[in-house]
Amino acid sequence: MHDPHTPGLVAALVDSGLLAPNQRQLAADVIDRELGGSRSSLPAAGGLRRTLAEVAGFAGAGLLIAAVFVFVAQQWPELSVATRAALLAATSLLLCGAGLGVGITGGGIRRLRTDASTLRRHLAGLLLTGSAGAAAGAVLVLSIHLVERDGPLEERGYLIGMSASATLLLGSLAGYLIAPTAFGQLAAAWSVFLLSGFVLEGLGWHEIAGTQGVVLLVVGAAWLVITERGWWRERQIGQAVGCVLTLIGAQLTMELAAWLGYSLTFAVAVAAFAAYARGHAAAYLVLGVVGTTLVAPEALLDWTDGSIGAAGVLLVAGASLLGASLVALGVHRSRTDASPGRPGDPARTHRPPQEE
């Protein structure tokens, strides 16, 4: 639980210049941990019992999901379409009820968003994300049946994917609003990735080279924007997802034109280094290094029509990786030098007056 004195202590450290503003959460976690360690043994024992109960609940949820999966897998070939859909829908409702029950028994559903108990929130989030997956499975079963009844599956197969992935996206987002966890965010990211492809196929744009890359590039950039605005609780996960989508999108635009692909990748790498210099997030650093490493050999292969050979590609890739690493070290050093209040550096946070 958060100590009531923590916000005031963190605010005082920031106002005095001893703590960088972007380190608020880290400092709050450290203060909570240290203050929590000084409490009496009786509350600690209660916290231990509560933790063990939550771990048992997590294990029980895993066994419940495994049991449902094994049962469905064994009976699936013999079930009708209606029975399959009904079974998946019932599973979805069961998991949803279990997830909501975890929140209700833990002090109310609203507390799940701010609950310091990571296990309780993760348990509820896992159950709700599993509920979204089961609901998407039910929609998938019904969609396949309806599309096959109206005509060849190949002609309207995108409708199946759109309906199932949209259901997974809506369910994941709904579960995330109740209990924000990495499970929910990753499920939402995966459903967005799938849905974008099916929507392009439905619009007839999937055959246009580079369209999937442009869409993923835009989605990745938007994901990073909402991550930096604090929409995702798991900021590092959000940054990693956005960086991966952005890099994949920039690379896929090479289907339209090679120069466009490596130019966009270079722009993404530069933007990543700039973001790292501003926020010091590891995902941006990795994106900048990987993007720079990819750009140099791709550009050289395009300019020379592939005449440099495999050895030349390896040489250029190694040189570009080395250069990108040097740039990353330079960005890290410049940001470190510009942060006089960086926590953990006694020489920066406190300089005693020198004796004359």
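Scope of the values below: all heavy atoms of this structure, side chains included, with no hydrogens, waters or symmetry mates. No experiment lies behind these values; they were computed from the predicted model shown.
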Practice item. Evaluate side chain to side chain contact (heavy atoms under 4.5 Å, CB included) for C96 paired with L128, printing each intermediate quantity in order. Key: CA-CA 5 Å; C96 181; L128 293 173; 4.2 Å; yes
**Study point:** Evaluation steps, side chain to side chain contact (heavy atoms under 4.5 Å, CB included), between E234 and Y176
**Key:** CA-CA 11 Å; E234 305 79 19; Y176 189 88; 2.8 Å; yes
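Here the CD1 atom belonging to I144 is positioned 4.0 Å from the CG atom belonging to L140, to the nearest 0.5 angstrom. Summarising the geometry, atom CG belonging to L173 is positioned 9.0 Å from atom CG belonging to L168; distances are rounded to the nearest 0.5 Å. Remark: R235 CZ to Q185 CD distance equals 12.5 Å, nearest 0.5 Å. Atoms CG and CG, from L142 and L88 in turn, are 9.0 Å apart once rounded to the nearest 0.5 Å. For the atom pair Q236 CD and T227 OG1, the distance stands at 11.5 Å (nearest 0.5 Å). Distance check: T167 OG1 to M162 CE gives 11.0 Å after rounding to the nearest 0.5 Å.
Within the 4.5 Å cutoff, the side chain of L287 has no heavy atoms near those of the F273 side chain. Counting only heavy atoms from C-beta outward, the side chains of Q239 and W232 never approach each other to under 4.5 Å. Looking at L294 and L247, their side chains come closer than 4.5 Å, going by heavy atoms from C-beta outward.
Between the T293 side chain and the V289 main chain, a donor and an acceptor come within less than 3.5 Å of each other. With Y284 contributing its side chain and C243 its backbone, the two residues share no donor-acceptor pair below 3.5 Å.
Among all heavy-atom pairs drawn from G99 and A124, the shortest one is O-CB, 3.7 Å. Of all heavy-atom pairs between A138 and A89, the closest is CB-N, 4.0 Å. Taking all atoms of both residues into account, the shortest heavy-atom contact from A182 to I237 is CB-CG1, 4.3 Å. Minimum heavy-atom separation, G261 to T253: CA-OG1, 3.3 Å. Of all the heavy atoms in A179 and R121, the pair that sits closest is CB-O, 3.8 Å. Shown here for G291 and T265, the closest heavy-atom pair between the two residues is O-CG2, 3.7 Å.
No chain of hydrophobic side-chain contacts below 4.5 Å, direct or via other Ile, Leu, Val, Met, Phe, Trp or Tyr residues, connects L126 to L177. In the hydrophobic clustering of ILVMFWY residues, with side-chain heavy atoms under 4.5 Å counting as a link, V199 and L216 come out together. In the hydrophobic cluster analysis, where Ile, Leu, Val, Met, Phe, Trp and Tyr join through side-chain heavy atoms closer than 4.5 angstrom, V218 is grouped apart from F193. Following chains of ILVMFWY side-chain contacts shorter than 4.5 Å, one can reach L186 starting from L195, so the two form part of one hydrophobic cluster. No continuous path of ILVMFWY side-chain contacts below 4.5 Å connects I248 to M254, so the two sit in separate hydrophobic clusters.
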